[in-house]
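See structure below.
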Amino acid sequence: MLEIWVRDALSDVLRSYLKDIGQNGDLSTFLPKGVRLEFPKKEGFGDISTPVAMHLSPQLKTPPRKIAEFLHASLSALPLFQSVDIAGPGYLNFTFSEQAVRRTLLQILDPHADLVVGEEGKRRVLVEFVSANPTGPLHVGHGRGAAYGDALSRILRAAGHDVTTEYYINDAGNQMEMLGRSTCLAWRKLQRTVSESEETAFLKGATPYKGDYIREIAQEMIDSPGLLSPEETRAALDPLAPETGYLGKFTEYSQNRIMDGIREDLQKFEVPFDGFFSEKILHEKKGGEGTDAISVWINRVREASLQESEAGVPDVYESDGALWLRTTVLGDDKDRVLLRSDGRLTYFAADIAYHALKMERGFDVLIDVWGADHHGYIPRMNAAVKTLSLILDHPVEFRVALIQLVSLVRDGRPVSMSTRGGEFVTLREVLDEVGVDATRFSYLTRSHESSLEFDLNKAKERSMDNPVYYVQYAHARVRSLLRQAETRGLTLPSSWTDGDLEALREPAERDLVRFMDRFSAVVNDVTRSLEIHPLTEFLTDLAGRYHHFYFHHRILSQEPQDRGLMIARIALSIAAGRVLEKGLGLLGISAPDVM
RNA sequence: GCGCCUGUAGCUCAAUCGGACAGAGCAACAGCCUUCUAAGCUGUGGGUUGGGCGUUCGAUUCGCCCCGGGCGCACCA
């Protein structure tokens with residue numbers, strides 16, 4: 001909370017300064033981006049610093065150092081600070097008083113206080129992620145989205161939001177039919193030879209889904225008598241027979257098996273979902289005869305665009321026998337088809353209905369986590385959500401997190417990742433080889449907007465060179481210390497007081513507290529930027545500071561005169577352990593007691 | 001051709017919506033275990049931030065122009 005205290009104190013002083021020089025006291029007119037606080041990277045610049053004097057200088061036509069001097073005079077007397085210095089072009093560098101540092105440590109130790117304090121009001125957020133098509137197992141790219149979406153959801157919850165996670169299943173349309181055909185073809189091949197001409201004709205020239213999983217599913221179907229009736233079996237084996245209901249059986253069975261596998265993978269990866277939303281539902285006609293949800297929403301958009309065409313609602317129009325939405329009025333570079341001339345709905349139409357339903361369910365913020373190859377889809381979805389916001393008179397914030405590609409490396413060589421022909425590395429394989437914690441950590445060390453090189457050898461290395469274990473070990477070290485203290489018969493205070501901490505004098509101790517204090521701000525930053533890796537980096541940094549402290553300072557002691565210091569250092573260790581445990585938890589990574 | 005991401009130490013990446021001398025980890029080299037787990041700690045070397053011009057008190061960050069890498073530009077999903 002040190003940061004908040006500084007911000008408040010600085011804001012007060014700035015307001016009175018502005019009044020003194022005859023300006024209005026509204027900070028936002030002078031500092032539209034707010035009061036900036038920085039954490040100096042270098043020693044000697046204080047615990048926290050601000051460039052506000054430089055920011056105000058041009059507008060007040062006053063040299064930054066002069067402004068800084070005034071602020072200095074008012075701030076340096078506060079008990080919060082041990083000292084306030086003016087440095088460089090006009091930086092104000094603050095060094096906290098010991099009292100302020102202890103107060104912060106007490107807060108971290110308080111079991112009734114949250115380590116993360118949300119900085120925004122509570123909002124209802126839907127995070128949709130993974131949403132991989134049920135046409136094959138999850139691969140390492142999906143894994144990155146899963147780790148990201150899950151961590152983001154945990155972080156948003158920690159920051160006080162009401163979060164729901166959802167997986168959207170694209171279980172309608174062409175590709176599902178192709179999946180059925182692919183399985184059926186494999187099923188035939190397991191029972192007899194299939195000529196190339198038969199194969200091409202059956203697949204209608206398209207490329208089938210391949211890979212072992214398709215063959216396994218086909219084998220399962222053979223091994224499960226009763227799945228297909230004798231008539232269906234005969235028809236499915238006979239290329240000349242009409243393609244009747246049997247194809248649907250293959251589609252349904254394949255899809256269910258694959259979706260089961262995906263759910264297992266997610267469970268193994270410890271990524272829970274609050275819900276799975278099936279696209280199929282959007283296509284179903286209510287009561288057998290009514291209108292499906294997609295058509296309902298297309299009609300609502302169409303009606304709205306007729307009535308309110310001047311309010312900036314894109315209109316729905318017909319052209320070349322298809323139905324279009326004029327997304328170009330909202331920034332898209334071309335209009336998009338909703339209903340194709342062959343009478344089939346596009347995926348875009350389904351997505352509009354799906355997002356409309358999300359909004360109807362009352363969410364204020366919609367976050368979609370997509371693979372980077374879908375980025376061309378953003379403008380049209382933006383346009384769609386804006387349109388729906390107008391229609392429903394319910395403005396929502398729509399954000400897309402694009403997850404860049406993952407390339408696997410083993411033994412210094414890239415691992416082939418062609419999805420065609422089923423030659424990809426599945427998430428399951430990586431989990432079996434590397435483990436959940438190391439896999440998640442590896443995914444979350446880099447910005448999701450940068451492509452990621454996933455080095456299998458490094459990720460699974462169980463050593464001090466692997467950052468996951470480095471961070472986990474810091475936590476285990478604290479627990480080990482506490483066990484040790486317990487075996488020595490030490491009793492700790494049931495609640496901590498300022499007096500318990502007074503023995504802390506070392507720079508490494510102060511540094512730890514000051515650093516831990518940033519945790520809440522780091523977490524809150526994630527909710528704004530949607531960048532998770534700063535939190536991962538923070539934890540690595542904190543672990544390093546704890547290891548440093550631990551190595552250089554003896555904690556447990558038998559000497560009676562060291563008792564006060566021992567108690568204080570144990571308190572510090574407990575605090576570090578709390579922050580590490582909480583932070584790892586937000587990333588979905590375990591905080592082991594023993595390693 | 002247009003759009004999005006990207007180019008920083010040998011490698012993988014950071015750098016707080018323009019801030020102080022561009023930082024970590026790995027790799028390399030040199031050290032530290034009769035004491036709370038050495039899965040740890042300490043030190044050394046390593047950079048024209050792809051190139052150029054501009055805006056600014058200040059640019060890895062913003063703008064423009066080149067060069068290179070990834071992805072996308074369907075009545076596909």
Side-chain angles (χ1 to χ4, degrees), chain A residues 33-34 36-42 44-45 49-51 54-55 57-58 63-64 87-91 93 133 135 170 172-176 178 206 319-324 333-334 336-348 371-379 402 404-405 407 409 412 445-447 449-455 458 461-474 476-478 480-485 487-488 518 521-522 525 528-529 533-534 537 540-541 543-544 546-558 566 569-570 573 594-595:
Chain A
K33 292 174 182 174
R36 282 205 75 67
L37 293 176
E38 294 169 2
F39 301 97
K41 292 167 228 163
K42 291 281 179 180
F45 290 135
S49 72
T50 181
M54 275 115 80
H55 290 167
S57 171
Y91 278 101
N93 295 337
N133 296 338
T135 54
N170 283 122
N174 260 342
Q175 50 165 7
M176 284 299 108
M178 269 315 296
S319 176
D320 302 325
L323 204 60
W324 299 69
D333 49 13
K334 54 179 297 190
R336 303 297 170 177
V337 172
L338 299 171
L339 182 64
R340 300 191 301 194
S341 53
D342 64 5
R344 291 191 304 181
L345 292 160
T346 61
Y347 267 63
F348 180 46
D373 53 341
H374 289 75
H375 74 253
Y377 211 78
I378 294 177
L402 286 181
Q404 293 290 329
L405 297 184
S407 55
V409 175
T445 41
R446 308 294 176 223
S447 166
E449 288 198 0
S450 296
S451 54
L452 174 77
E453 186 168 292
F454 194 116
D455 190 320
K458 282 184 185 164
E461 190 178 331
R462 296 188 67 84
S463 79
M464 56 181 153
D465 297 338
N466 194 335
V468 204
Y469 300 118
Y470 183 81
V471 177
Q472 288 185 321
Y473 181 53
R477 216 169 204 183
V478 171
S480 171
L481 179 81
L482 295 176
R483 281 193 300 273
Q484 192 64 231
T487 54
R488 294 185 187 195
R518 290 169 54 181
V522 170
D525 279 346
R528 288 182 283 266
S529 67
H533 70 281
E537 207 163 79
T540 308
D541 205 340
Y546 185 72
H547 287 312
H548 173 88
F549 159 73
Y550 181 94
F551 185 83
H552 292 280
H553 302 287
R554 181 76 204 174
I555 298 170
L556 299 180
S557 167
Q558 310 283 19
M566 171 169 64
R569 284 181 172 166
I570 289 174
S573 297
V594 185
M595 287 178 75

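Each chain gets a letter, A, B and so on, in the order the sequences are listed, and its residues count up from 1. The figures here come from the full heavy-atom set of this structure, side chains too, leaving out hydrogens, waters and symmetry mates. Just so it is clear, the model here is predicted, and its values are computed rather than measured.
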Mind calculating the distance between [atom1] ([X]) and [atom2] ([N]) to the nearest angstrom?
X        : N      : atom1 : atom2 : result
A/Glu461 : B/rU12 : CD    : P     : 17 Å
A/Leu556 : B/rU35 : CG    : P     : 14 Å
A/Lys458 : B/rA27 : NZ    : C1'   : 8 Å
A/Phe348 : B/rA77 : CZ    : P     : 13 Å

- Query: Looking just at side-chain N and O atoms, do A/Asn133 and A/Gln175 make a donor-acceptor pair shorter than 3.5 Å?
  - Reply: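 Yes, side-chain donor-acceptor contact under 3.5 Å.
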
Heavy-atom donor-acceptor pair, [X] side-chain to [N] base, under 3.5 Å:
X        : N      : answer
A/His374 : B/rG72 : no
A/Asn93  : B/rA20 : yes
A/Thr346 : B/rC75 : no
A/Ser49  : B/rA20 : yes

- Message: Would you say A/His533 places a side-chain N or O within less than 4.0 Å of OP1 or OP2 belonging to B/rA15?
- Response: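 Affirmative; the distance criterion is met.
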
- Query: Would a distance-only check, ignoring hydrogens and angles, find a side-chain to backbone donor-acceptor pair under 3.5 Å from A/Arg446 to A/Ser451?
  - Reply: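 A pair under 3.5 Å: no.
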
- Task: Determine if A/Tyr470 stacks with B/rA39; use a centre-to-centre distance below 5.5 Å and an interplanar angle below 30° as the criteria.
- Result: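 So A/Tyr470 does not count as stacking on the base.
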
- Task: Could you work out the separation of B/rG72 and B/rA15 based on their C1' atoms and round it to a whole Å?
- Result: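 Nearest-Å result for B/rG72 against B/rA15 at atom C1': 29 Å.
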
- Item | Student check: side-chain heavy atoms of A/Lys458 and A/Asn466 closer than 4.5 Å |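 Contact flag for A/Lys458/A/Asn466 side chains = no.
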
